[in-house]
Amino acid sequence: MGFLSKLGPKQPYFGLKGGWLTFWITVACATDMTLFGYDQGVFGGVIVTQDFLNVHNLGGPSKTKLLGTVTAIYDIGCFVGALSACWFGEKYGRKNTILLGTTIMSIGAILQIASYSVAQMIVGRIIAGIGNGLNTATAPVWQTETSQVAWRGKLVVIELVMNIFGFSLSNWVTYGLSFAGGPISWRFPLAFQFIFIIILYATVPWLPESPRWLIAHGYEDEAFPIMADLETKDENDPFILAQHKEIVFTVQYERENAPKWSELLRGKTGSKAGTCTMRRMLLGAGTQFMQQFAGINVTSYYLPTVLIESVGLSNNLARLLAACNSVSYLFFAGLVGIPNVERWGRRKMLMFAAAGQGFCYLMITILLGLNEQPGFGAKQQVASASVAFFFLYYVFFGIGFQGVPWLYPTEINSLPMRTKGAAIGTATNWMCNFIVVEITPIGIQSLNWQFYIIWVVFNFSFVPLVYFLYPETAARTLEDLDAYYRTSPPLLVFKDKDVTSSKRPAKYAEAEETNIRHASVADAATFRRSSRVAVPDQGDKSRMSQSTIGGVPPDYEKRYDGNDSVHVDNARV
């Protein structure tokens, strides 16, 4: 990985370290997610633009299904891109995958901007989706793997708040240009995304690669200076040495014990089931499934359509309310979601949000049902009241379901499976997204108010699902979670206070302190030489298959002697 030192500025990261270096990684990742949010929201304003409908011959009730397909086909591209990240992200690293995804998105955007036919628009949306799928599967992983524990959740949620900013911006851009009419009313909003693409090209190339990815791919030496710069410490600081060693151990343990893909797909894990690989992958993908079947894209893609068709508002008022709603969405996600993601923990935020979302959809269902009753005397009042619950729904979603489903897969999966797990989770999001976006126009047209019952049921069912099955990941290092799953824990987690608490269990903190203490008395140069991923011999394999706490091998204490030396992986350091 020596080639990394030849790229970018002569002084690594322009001399930035610690918080400033993390800040610029966050800028890049947040820009990526802003582009995602903008791309997700902009088409909702485009498809109600008369010039767009005329140019592509998509106007009228007979074209509703085709219009839904043109909108939803983007998600198929995202699904393909997210699955591709399993291979690209793991082989070429986090940065290169984001740059590749951004390049592909640029091509797709150009095709959409210049479109004069449905076929060209579909091709453009698929290509843009592939690029976005690569990016959205990779950016949260890169952020997670380069962030300190205390900031990890907040930073990923900030990314998703910026996703809302992109969504909000797209609503205001399409609303403002709707008064212009003509091609500019939809071509310019599609072109505006190049602002974010340029920012990505200007930031990603000179920022550091994930040190965990480097270690997992045999570039252990290159990881030391990056870890030190991220923590504003010396490369030989005991904390850096201990953290590096723990990541090395985690990678090696996982390679020894994780089942192959072929075994996972057949449900055969045999003696290697102790890493709980499939369970962790399903938990991460499950949060993405829940996000989509919470009903967010019934309104994200189609809120103007929903307000026009279900509530009966004018085109102009529907656009304005959609834009105003996006502002309140952004405000509450930032005001409540960011400061509380670590304080409340992932479990509480998901359960709180799911209950609130279910209540909102229940009220929407009742009010729209009354609005459609023949002879009901207060139609205008109940229709207007339903708008308030669409707004309130976004408040709950922004607090809990906007950020946590993207954060959770990057935390719950092990290091060797993190790219794959996040990619599977993102692919799940996009496939479910496609289903929701595809069925919504037809659902509203065919079922009217009864269509919203679906989302009531789903949201209320998520509360017990999270309570019984989902372990807390807040306040834990990524290696803490690996240590927890090495104990082959039970499927139901609600009875274990250590697993459901939003505070870090004491045993992990104590194990980390022990590791740092051992590293502090070792010879740094020898310790670094020993901190490498290797294929152990048969004797080591049996040793590393044993249960550990906090990523510390069971005989770590025995290898610490009274002569202030530590024996690691059969090497005396």
Side-chain angles (χ1 to χ4, degrees), residues 33-34 36-45 157-175 287-288 290-308 310-311 313 317-341 349-368 383-406 429 432-433 436-437 440 444 451-452 454-456 458-460 462:
M33 301 309 281
T34 304
F36 161 35
Y38 185 89
D39 234 23
Q40 190 177 34
V42 72
F43 217 66
V157 172
I158 285 172
E159 287 179 33
L160 275 302
V161 169
M162 292 305 295
N163 171 269
I164 304 172
F165 172 75
F167 172 74
S168 177
L169 181 63
S170 70
N171 276 276
W172 284 107
V173 169
T174 53
Y175 172 68
T287 59
Q288 296 281 29
M290 286 188 280
Q291 187 194 57
Q292 288 306 309
F293 278 90
I296 182 60
N297 279 315
V298 172
T299 52
S300 286
Y301 279 85
Y302 294 116
L303 187 55
T305 303
V306 168
L307 294 177
I308 293 168
S310 294
V311 182
L313 302 182
L317 182 57
R319 284 176 178 270
L320 177 60
L321 286 176
C324 292
N325 172 66
S326 66
V327 174
S328 68
Y329 181 23
L330 174 64
F331 177 78
F332 281 98
L335 186 68
V336 182
I338 294 173
N340 291 304
V341 67
M349 291 192 81
L350 287 174
M351 289 188 287
F352 170 75
Q357 291 161 192
F359 170 74
C360 290
Y361 263 122
L362 177 62
M363 295 305 298
I364 288 168
T365 302
I366 293 170
L367 292 169
L368 292 182
S384 299
S386 71
V387 175
F389 287 100
F390 278 113
F391 272 61
L392 185 59
Y393 170 85
Y394 272 89
V395 170
F396 285 111
F397 188 90
I399 291 172
F401 267 69
Q402 176 64 16
V404 175
W406 291 91
N429 182 290
C432 295
N433 195 328
V436 172
V437 174
T440 292
I444 293 173
F451 178 67
Y452 300 99
I454 298 169
W455 317 112
V456 176
F458 270 119
N459 277 290
F460 282 131
F462 295 152

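Counting from 1, the numbers follow the sequence of the chain as shown.
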Inset, instruction - Indicate the ring-plane relationship of Trp172 and Tyr175, choosing parallel, tilted or perpendicular according to the 30° and 60° boundaries. - result: perpendicular
Legend entry - Donor-acceptor pair, side chain of Tyr361 and main chain of Gly295, under 3.5 angstrom: yes
Inset, instruction - Please confirm whether the backbone N or O of Ile164 pairs with a side-chain atom of Ser168, one donor and one acceptor, at under 3.5 Å? - result: no
Inset, instruction - Identify the heavy atoms of Met33 and Glu159 that sit nearest to each other, and give their distance. - result: CB-O, 3.4 Å
Inset, instruction - With rounding to the nearest 0.5 Å, note down the distance linking CG in Asn163 to CZ in Phe36. - result: 5.0 Å
Inset, instruction - For Gln357, enumerate each residue passing the side-chain hydrogen bond (donor to acceptor under 3.5 Å, both in side chains) test, keeping only those at least two apart in sequence or located in another chain. - result: Asn459
Report, one line per pair, each donor and acceptor closer than 3.5 Å where one atom sits in a side chain of residues 385-393; sequence neighbours left out.
from: Ser386; atom 1: OG; to: Ala383; atom 2: O; distance (Å): 2.5
from: Tyr393; atom 1: OH; to: Ala294; atom 2: O; distance (Å): 2.8
from: Tyr393; atom 1: OH; to: Ile296; atom 2: N; distance (Å): 3.1

Legend entry - side chain to side chain contact (heavy atoms under 4.5 Å, CB included) partners of Val161, counting only residues at least two apart: Val157, Leu330, Ala333, Ile338
Legend entry - Positive for ring pair (Phe, Tyr, Trp, His ring centres under 6.0 Å) with Phe352, one of Phe359, Phe396, Phe397, Phe401: Phe396
Inset, instruction - For the residue pair Val298 and Tyr452, establish whether any side-chain heavy-atom pair is separated by less than 4.5 Å. - result: yes
Inset, instruction - Could you label the plane-to-plane angle of the Phe167 and Tyr329 rings as parallel, tilted or perpendicular, counting under 30° as parallel and over 60° as perpendicular? - result: perpendicular
Legend entry - Any Tyr394 side-chain heavy atom under 4.5 Å of Phe332 side chain: no
Inset, instruction - With the side chain counted from C-beta on, respond yes when Trp455 and Ile364 share a heavy-atom pair under 4.5 Å apart, and no when they do not. - result: no
